[in-house]
There are 2 protein chains.
Amino acid sequence: MPTRPADRYHHGDLRNALIETGLEMARTGGPDAVVLRAVSRSAGVSHNAAYRHFADHEDLLAAVSARCLDRLGALMRERAQAERHEDPVERAWARLGAIGRAYVDFARAEPGWFRTAFRPAAVPAPNARGRSADDLAADHPFAQLAACLDDLVAVGALSAERRPDAEYAAWSAVHGLSVLLVEGPLAELADSRALDITETVLTVVSRGL
Amino acid sequence: MPTRPADRYHHGDLRNALIETGLEMARTGGPDAVVLRAVSRSAGVSHNAAYRHFADHEDLLAAVSARCLDRLGALMRERAQAERHEDPVERAWARLGAIGRAYVDFARAEPGWFRTAFRPAAVPAPNARGRSADDLAADHPFAQLAACLDDLVAVGALSAERRPDAEYAAWSAVHGLSVLLVEGPLAELADSRALDITETVLTVVSRGL
DNA sequence: CTCCTTCTGTTGACAGTGTCCACTTTGAGG
DNA sequence: CCTCAAAGTGGACACTGTCAACAGAAGGAG
């Protein structure tokens with residue numbers, strides 16, 4: 001059994017184990033809780049082992065952050081797929097609303113992960129691992145939003161001349177609301193109030209597109 | 001001369017000196033650059049002197065953060081006052097746009113201060129200094145936005161039933177855009193592109209209100 | 001003027017962090 | 001079976017926030 005957990009040397013899949021532990025830390029404490037030494041300790045490994053799998057503390061954090069983004073994207077996709085309407089126009093609008101709600105819901109339900117997903121990268125890191133700015137996986141929140149808007153145009157619900165940059169408007173509103181609710185001045189709002197405001201924001205954006 | 005700067009003891013106004021130094025640090029490096037020891041050092045004082053004026057590192061950071069917020073508020077007020085139109089409706093809309101642009105401009109021009117202003121407070125701190133959630137100074141960005149929207153209603157440009165929670169929609173959009181531009185995935189956009197997108201966001205919000 | 005109290009600032013310590021270095025152990029391939 | 005690169009360890013360093021004990025400065029009471 002080559003990957004027995006109690007083995008001191010050659011853990012087997014330490015890289016993933018560290019990311020997983022980092023995710024636990026981030027969940028309750030946000031990005032600042034992903035402390036290299038603490039993660040190593042909690043993974044049952046010495047404080048320097050991480051350097052065989054990550055260049056940096058920043059590198060580890062980036063990996064954890066990417067996982068958080070994946071989770072957000074997965075929730076959005078799930079919620080979008082759940083919207084099944086006959087009318088294509090109705091469905092397109094419903095899906096736009098669904099991914100917006102998913103975004104805010106994720107932020108409220110998992111604030112630590114949300115903050116970690118969008119933590120300010122220490123330094124842009126000239127393509128440390130090949131991830132350029134625009135090679136966005138199809139499940140990336142921004143890509144899903146763009147696809148939704150394209151769908152609205154294809155279905156005739158949104159005029160083509162209003163399409164350009166619409167994703168920035170929608171994303172800004174939803175992201176801004178999430179940030180304000182999670183770590184900003186709106187953090188202490190009651191849940192019901194937050195839900196009301198979310199609907200207002202979504203309505204304003206839909207109407208304004 | 002009781003407040004000679006070279007005096008080691010009884011600096012005179014160390015509290016403000018530390019905040020000012022903290023502002024310099026925050027300007028280039030954001031909230032993480034406001035390091036207690038470094039600030040004290042740079043202010044020419046020993047690393048523990050700050051504890052006579054601030055309870056915590058967090059307390060110092062909060063003071064610096066408040067100053068950053070003040071600066072943002074001041075720029076918004078300035079820009080709003082510069083909009084002088086005869087027609088009250090036109091003026092109300094122009095001022096709404098002006099404070100929105102000021103918000104984003106501040107974020108782009110002084111990213112460090114912007115991030116410091118809205119840095120996630122470590123812990124809500126049960127009214128450490130009496131600043132409750134809703135005792136907002138009249139110059140607070142959110143208060144200015146609310147006043148702008150009230151004006152739109154008073155002037156007849158916005159129906160009263162759309163007024164409730166409108167400030168959250170507007171704030172979310174502008175704040176979200178700023179965050180994405182400053183420390184998010186949109187950070188590397190060219191200036192001209194950022195300006196275009198800003199106008200789009202403002203247009204969408206105005207239309208949707 | 002002197003003494004004493006109260007601020008204010010200093011020095012020294014401690015635990016915890018990220019990172020570098022030299023070392024040891026492991027498992028796979030010749 | 002031996003070698004050797006990969007993977008993990010332990011120790012060190014500089015740096016951080018914070019605590020405790022100390023020292024100088026300022027101002028009022030006697």
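Chain letters run A, B, ... following the sequence lines, proteins first, then strands; residues in each count from 1. Note that the structure is predicted; figures quoted are calculated from it, not measured.
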A:His57 or B:Gly44: which one's nearest nucleotide on DNA chain C is closer to the 5' end?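 So the residue in question is B:Gly44.
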Check the phosphate of [N] against [X], side-chain N and O only, distance under 4.0 Å to OP1 or OP2. Yes or no?
X       : N      : answer
B:Arg37 : C:dT17 : no
B:His53 : C:dG9  : yes
B:Tyr51 : D:dC19 : no
B:Arg52 : C:dT6  : no

Here's a test of your reading of the structure: between B:Ala55 and B:Val35, which maps to the more 5' nucleotide of DNA chain D? B:Val35
Value in whole Å for how far the [atom2] atom of [N] lies from [atom1] of [X]:
X       : N      : atom1 : atom2 : result
B:Asp32 : D:dT16 : CG    : P     : 13 Å
B:Phe54 : C:dC7  : CZ    : P     : 18 Å
B:Asp13 : C:dC7  : CG    : C1'   : 15 Å
A:Arg41 : D:dG8  : CZ    : P     : 18 Å
B:Leu14 : D:dA26 : CG    : P     : 15 Å
B:Asn16 : C:dT8  : CG    : C1'   : 16 Å
B:Leu36 : C:dG16 : CG    : C1'   : 16 Å

Can you say whether the rings of B:Tyr103 and B:Phe114 are parallel (under 30°), tilted (30 to 60°) or perpendicular (over 60°)?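 Perpendicular.
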Check step by step if side-chain contact (heavy atoms from CB on, under 4.5 Å) holds for A:Leu209 and A:Arg162. CA-CA 7 Å; A:Leu209 282 179; A:Arg162 285 206 178 165; over 6 Å; no
Out of [options], which has the shortest distance to the side chain of [X]?
X       : options                : result
B:His47 : D:dG8, D:dC19, C:dG18  : D:dC19
B:Ser46 : C:dG18, D:dT18, C:dT10 : C:dT10
B:Asn48 : D:dA20, C:dT19, D:dT16 : D:dA20

Answer yes or no: is there a side-chain heavy-atom contact under 4.5 Å between B:Pro185 and A:Trp171?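 Counting from C-beta outward, B:Pro185 and A:Trp171 do come under 4.5 Å.
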A:Arg108 bridged to A:Asp191 by N-O distance under 4.0 Å: yes
Before we go on, tell me: are the rings of B:Phe142 and B:His175 under 6.0 Å apart, centre to centre?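 That pair fails the under 6.0 Å test.
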